[in-house]
Enquirer: 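Take this structure first; my questions come after.
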Amino acid sequence: MLGWLIVFLPEGNEVVLAGRERPFLPALNAGIATGEIVVLEGTDLGFTLEEVRMAAAESGASAAATDVLAATGGWPVGVMAALSGGASPDGPGAVAFEAYLKCEVWEHVPANLQVAFRRLSLQPSISRACVEAAFGPAMWRSMTAWLSSRDFLCEQLSPVEFRLNPLLRQFIISEFDELDPDGYAETFQAVVDEMVMAGNIAEAIEFTRSGGNEAQLAVLLEEYSPRLLIQGSFTLLRRAFDCISEPTLRRRPLLRGMASRLLAHTGDPEDAMRRANTMLQDSRTPVAPQAHALLARVRALRLLGRLEDARATALQLSELEPQLEPEFLAEVRYHLAEFELSVTRDFVKAEALLRMVIDDCERRGVEPLGLLARSTLGQSLAMRGDAPAAVTVLTRAAQGWRSLGRSSNLGWVLNNLGMAHVQAGDFTSASTVLQEAVEEGENCANQRNVAYATASLGDAELALGHFETAKRHYEEAIRICATDALDESLAALSIAGLSAALLGTGDISQADFFSRRALLVAVSSANSYEIAMCKLQQAAVEVAAGNHVVSVSEAAEAVERFSQMEVLPMVATAEYRVAMASFKAGKRNEAEDALGRAAVALKEPWMVGSLVPLVRENPMFAQWAATRKSAGAAFRDLLERHSFESARIAAETPDGARSRFPLVRAHSFGRVVVEVGGRELCDEDWASARAKEMFFLLLSSRDGIRKEEAVEQLYPELPREKTNSAFHSNLYRVRRALYKTCVVADDDGIYRLNPEGVFEWDVDEFERAIEQARSAPSGSKERAVSLQQGPRAVRRSVCVGIPVRMGSGNARTPRRRCPRVPRHPGGLLRRPRGFRLRGALHGTRAEGQPLQRRGRLSAGALSKPGRRSGPGVEVHRRFQLELSG
């Protein structure tokens with residue numbers, strides 16, 4: 001009857017069939033095949049993440065939408081039960097929901113499939129090979145046939161693999177354990193063994209933990225937690241050890257030792273040391289657990305700043321070496337090398353031990369200990385100043401950790417790689433790498449990694465001159481050190497960095513306060529490297545405060561400490577600081593001597609990059625230093641290239657925008673181009689030429705512009721009642737072409753480009769170069785360099801088409817054809833200052849008429865038909881005044 005109704009359904013009517021299964025009607029197949037009948041499967045009816053969020057908001061549930069979706073697979077009944085608490089074992093409707101699953105779902109499963117589902121429910125996913133191996137090919141066909149019309153019960157991963165709905169799977173597992181405990185235990189052990197044989201150790205531990213099998217979990221942790229610690233799987237281990245009871249830990253000394261080590265890495269160092277001391281005081285503790293306890297104690301003491309006790313503990317650990325198994329011996333040697341690197345700063349001894357570990361691991365094919373040793377070797381190379389070698393080693397190490405999957409060690413390696421880039425003077429690459437390091441630390445929930453990477457990111461931003469951004473990074477690193485990951489060494493360096501950022505903003509009193517705080521922390525930990533860094537920062541504060549003699553003394557002590565550690569780039573940096581302070585104190589001979597020592601320390605050309613921030617700090621001193629005979633060739637080249645840079649870096653880029661918004665780069669000279677995040681926008685992106693003009697109008701009005709002013713300039717030909725719609729339509733197109741919040745408006749109706757965004761314009765760069773040339777003495781090298789920077793800043797600058805003669809010199813630029821000025825308001829409408837070349841290029845002489853011709857073209861471009869001629873004429877008039885002097 002239903003089939004007849006569907007075939008002879010009158011025109012304009014529809015039939016809706018609702019049910020858990022599709023009825024057996026041959027008449028349906030033709031309609032489905034031709035598209036006349038729409039079939040909504042369980043996946044179509046399931047909740048999406050956004051729908052789960054909306055349902056949670058409506059019901060007032062506190063559960064995270066992502067967790068609900070993962071637990072239910074989007075099954076509508078399951079989602080609503082989860083939001084009401086029914087899907088939770090201790091929820092108010094748990095019994096009712098379990099009864100629903102049993103009566104409405106499970107009892108409708110054929111008996112032979114129930115047996116198979118019980119045995120297979122412990123598997124994370126069910127594959128054809130697994131089913132056929134256990135029950136034969138017929139079972140796979142029966143199972144897939146039954147599930148094909150009940151897709152809400154499973155998630156199809158591939159034609160030969162599916163995953164049971166999480167709620168149904170948990171119900172089946174619980175029933176299996178209740179009805180057949182022996183069969184459940186046997187199947188559980190088989191699944192764990194299979195995961196271990198496949199090398200999926202993390203999955204095996206997580207599966208055992210979620211199954212509540214403490215005895216099996218303890219066995220797995222005893223065997224595999226040393227490797228997972230080396231691998232940096234701290235989050236996984238912390239969850240697993242949280243499921244191990246204290247009685248179990250007391251019965252298993254090796255597990256106790258590993259637990260104390262894990263606490264030293266991720267928890268409270270005081271608690272880690274207490275647990276380690278308890279083990280070491282027990283004479284019955286075997287050798288291997290003793291070694292683990294000593295490793296935990298060394299790390300905890302380091303974090304607490306008790307370095308002398310840490311040295312004594314490291315000596316105890318080295319005495320156990322003859323009694324250890326070869327694989328564990330290699331791990332102990334690694335940790336002793338890391339101690340020498342981080343505490344004693346004996347780079348030679350540390351690197352010798354690390355190479356010994358690497359050779360041993362390669363000979364026996366042991367990973368990831370060999371990869372960890374190579375990563376630490378890269379750190380050592382960076383710390384003693386061999387930045388190129390460190391970048392090479394650490395880049396390969398990062399690739400190795402990525403291939404191993406998620407690991408806290410990746411964030412640590414990326415942090416060291418970023419610092420190697422800082423040492424080499426590549427601050428932009430450093431900032432990019434360190435942002436990834438912060439993300440990796442957050443992804444792995446490793447707050448210590450986050451703190452180190454955040455502080456290092458502050459170093460990179462400080463070197464770039466982004467003082468406010470650097471300040472925020474240092475403050476965050478200090479906060480983490482004080483609350484989530486106690487670390488005296490990092491705290492000292494972060495406080496010193498905060499002092500440097502404050503000094504960059506001109507707050508000398510606060511910079512002095514934090515510099516002295518950092519020095520106190522460093523001295524209390526007795527770490528020579530940190531003391532030297534803090535002394536160097538105190539020297540910077542003293543010279544800014546006018547205490548030049550004190551500054552020389554502080555910087556000289558930093559030189560001595562860095563020389564003892566043979567960190568040559570930092571030796572050069574400290575000597576340069578001595579030279580700056582001596583010069584300020586009027587002791588030019590001493591300043592030149594210090595410059596000579598700095599040049600000697602710069603044994604490789606790449607080392608000069610570490611001096612760039614100091615050169616930017618005082619460009620006038622750098623110009624004087626470049627004329628000294630004591631400066632080496634590479635040193636002199638650095639000084640000449642960077643000494644004329646103005647302090648524009650902090651003002652150019654809004655602090656904080658680097659990590660939030662993409663860089664927008666506009667080119668007005670030559671071909672008009674706008675790039676967002678390195679991608680050039682095409683006409684389709686703008687969707688309207690007026691939208692592009694609006695962007696350039698906003699770009700040339702950084703202080704903001706009222707809508708009435710904007711429409712007056714953008715739409716002079718439109719009736720006033722239509723301008724509002726046109727304005728907002730093109731404003732929408734600008735936001736769509738760049739990013740959603742690229743334009744903001746305040747309560748007064750003023751529209752401007754987002755102050756937190758990063759907008760670069762070649763017109764701005766050209767004007768800065770011209771202004772800098774105008775302020776420099778006629779015929780000086782600074783004027784020459786500034787005039788060279790103008791054309792570089794704009795790809796094909798207007799100056800390229802002007803033959804010029806510099807003062808008394810004979811330098812000329814060749815005649816070239818001037819590029820056409822862009823036809824949009826942003827190019828000239830609000831920037832007449834950019835073309836006042838006679839005043840800007842004082843001491844130069846123009847020949848020919850390229851510049852005048854350029855001015856007429858510009859005015860004409862703005863006075864084309866359909867536009868008011870006022871703005872264009874005004875530009876032309878100002879331009880002629882500039883030419884006439």
Side-chain angles (χ1 to χ4, degrees), residues 200-210 217-218 220-244 249 254-276 292-304 331 334-335 338-339 342 367-369 371-373 375-376 379 397-398 400-416 436-456 477 480-481 483-487 489-490:
N200 300 324
I201 307 302
E203 288 185 20
I205 289 177
E206 185 63 22
F207 175 76
T208 307
R209 183 197 68 81
S210 60
L217 181 60
L220 287 173
L221 288 175
E222 276 190 335
E223 185 169 358
Y224 296 108
S225 54
R227 174 180 175 177
L228 291 171
L229 263 181
I230 293 171
Q231 194 168 317
S233 302
F234 301 131
T235 304
L236 171 70
L237 287 173
R238 189 166 58 245
R239 285 200 305 266
F241 272 97
D242 285 344
C243 297
I244 302 294
L249 285 176
L254 187 58
L255 212 55
R256 289 173 65 195
M258 295 306 304
S260 61
R261 284 185 63 185
L262 181 64
L263 271 174
H265 278 277
T266 63
D268 182 358
E270 293 278 4
D271 190 21
M273 191 167 62
R274 179 183 59 78
R275 288 173 176 268
H292 284 296
L294 287 170
L295 287 171
R297 194 170 189 274
V298 168
R299 183 171 184 84
L301 288 168
R302 279 174 48 196
L303 294 176
L304 294 171
E331 184 182 351
Y334 162 76
H335 286 288
E338 205 269 340
F339 177 82
S342 303
E367 289 293 353
L369 181 59
L371 180 57
L372 185 64
S375 303
T376 308
Q379 178 188 11
W401 289 117
R402 287 190 181 98
S403 67
L404 285 179
R406 175 134 293 164
S407 168
S408 295
N409 288 331
L410 176 57
W412 164 65
V413 170
L414 289 172
N415 173 66
N416 291 330
E436 184 184 355
V438 173
E439 292 173 4
E440 279 297 321
E442 291 172 344
N443 291 338
C444 294
N446 190 317
Q447 286 300 300
R448 181 161 284 105
N449 275 12
V450 173
Y452 270 92
T454 302
S456 299
I480 296 174
C481 287
T483 58
D484 300 329
L486 183 62
D487 194 312
S489 177
L490 178 60

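Being a predicted model, the structure only gives us computed values, none of them experimental.
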Enquirer: Starting at CZ of Arg402, measure out to CG of Leu410 and round the result to the nearest 0.5 Å.
Expert: 5.5 Å
Enquirer: The criterion is salt bridge (Lys or Arg N to Asp or Glu O under 4.0 Å); which residues satisfy it with Arg299, sequence neighbours excluded?
Expert: none
Enquirer: According to ring pair (Phe, Tyr, Trp, His ring centres under 6.0 Å), who are the partners of Phe241, at least two apart in sequence or on a separate chain?
Expert: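 Expected list: none.
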Enquirer: When you look at Arg275 and Leu249, which way does the side chain to side chain contact (heavy atoms under 4.5 Å, CB included) test go after all the steps?
Expert: CA-CA 11 Å; Arg275 288 173 176 268; Leu249 285 176; 4.1 Å; yes
Enquirer: Could you give the distance from OG (Ser260) to CG (Leu255), rounded to the nearest 0.5 Å?
Expert: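 One gets 10.0 Å once the value is rounded to the nearest 0.5 Å.
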Enquirer: Donor-acceptor pair, Asn409 side chain versus Ile230 backbone, under 3.5 Å?
Expert: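 At least one qualifying donor-acceptor pair exists.
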Enquirer: Might you point out which heavy atoms bring Ala300 and Ala272 nearest each other, and give the distance in Å?
Expert: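 Residues Ala300 and Ala272, closest heavy atoms: CB-CB, 4.5 Å.
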Enquirer: Considering residues at least two apart in sequence or located in another chain, which fulfil the salt bridge (Lys or Arg N to Asp or Glu O under 4.0 Å) criterion with Arg238?
Expert: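 Here no residue qualifies.
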Enquirer: From Ile205 CD1 over to Glu203 CD, what is the distance, rounded to the nearest 0.5 angstrom?
Expert: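 The distance works out to 11.0 Å.
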Enquirer: I'd like to check the side chain to side chain contact (heavy atoms under 4.5 Å, CB included) partners of Phe207; sequence neighbours left out, ordered by chain and number.
Expert: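 Checked Phe207 against side chain to side chain contact (heavy atoms under 4.5 Å, CB included); matches are Leu122, Arg169, Phe188, Val191, Val192, Met195.
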Enquirer: Of all heavy-atom pairs between Val413 and Ala398, which one has the smallest distance, and what is that distance?
Expert: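 Taking Val413 first and Ala398 second, the nearest heavy atoms are CG1-N, 3.8 Å.
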Enquirer: Minimum heavy-atom separation for His292 and Pro226, please, with both atom names.
Expert: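 Shortest heavy-atom contact: CE1-CG, 4.5 Å.
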Enquirer: Set out, in order, the CA-CA distance, both residues' side-chain angles and the distance that settles side chain to side chain contact (heavy atoms under 4.5 Å, CB included) for Phe234 and Leu228, then state yes or no.
Expert: CA-CA 8 Å; Phe234 301 131; Leu228 291 171; over 6 Å; no
Enquirer: For Leu371 versus Gly400, what's the shortest heavy-atom pair and its separation?
Expert: CD2-C, 3.6 Å
Enquirer: Among all residues two or more places apart in sequence or in another chain, which pass the salt bridge (Lys or Arg N to Asp or Glu O under 4.0 Å) test with Glu439?
Expert: none
Enquirer: Holding to salt bridge (Lys or Arg N to Asp or Glu O under 4.0 Å), I want the full list of residues that pass it with Arg261, two or more places apart in sequence or in another chain.
Expert: Glu331
Enquirer: Between Asn415 and Ala437, which heavy-atom pair has the shortest distance, and what is it?
Expert: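 Looking at all heavy atoms of both residues, the shortest contact is N-CB, 3.8 Å.
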Enquirer: Check the pair Asp242, Arg239 against salt bridge (Lys or Arg N to Asp or Glu O under 4.0 Å), reporting the backbone distance first and the verdict last.
Expert: CA-CA 5 Å; Asp242 285 344; Arg239 285 200 305 266; over 6 Å; no
Enquirer: Okay, side chain of Asp487, backbone of Leu490: is any donor-acceptor separation there less than 3.5 Å?
Expert: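 Present.
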Enquirer: With rounding to the nearest 0.5 angstrom, report the NE2 to CG distance, His335 to Leu369.
Expert: 7.5 Å
Enquirer: Before giving the answer on side chain to side chain contact (heavy atoms under 4.5 Å, CB included), spell out for Tyr334 and Glu338 the whole-Å C-alpha distance, their side-chain angles and the decisive distance to 0.1 Å.
Expert: CA-CA 6 Å; Tyr334 162 76; Glu338 205 269 340; 4.0 Å; yes
Enquirer: For Glu440 and Asn449, run side chain to side chain contact (heavy atoms under 4.5 Å, CB included): C-alpha distance rounded to whole Å, both residues' side-chain angles, the deciding distance at 0.1 Å, then the answer.
Expert: CA-CA 8 Å; Glu440 279 297 321; Asn449 275 12; over 6 Å; no
Enquirer: Is a side-chain donor-acceptor pair under 3.5 Å present for Ser375 with Trp401?
Expert: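 Note: Trp401 and Ser375 side chains meet the donor-acceptor criterion.
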Enquirer: For the residue pair Leu303 and Arg448, what are the closest heavy atoms and their distance?
Expert: CD1-NH2, 3.5 Å
Enquirer: With a 3.5 Å distance limit and no angle check, can you tell me whether Asn446 reaches the backbone of Gly441 through a side-chain donor-acceptor pair?
Expert: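 Side chain of Asn446 to backbone of Gly441, a donor-acceptor pair under 3.5 Å: no, none is there.
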Enquirer: What's the spacing between Leu221 CG and Cys243 SG if we round to 0.5 Å?
Expert: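 Separation between the atoms: 9.5 Å.
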Enquirer: For a side chain to side chain contact (heavy atoms under 4.5 Å, CB included) with Met273, tell me which candidate from Leu263, Leu301, Val298 qualifies.
Expert: Leu301
Enquirer: Report yes if the side chains of Thr376 and Trp412 come closer than 4.5 Å at any heavy-atom pair, otherwise no.
Expert: yes
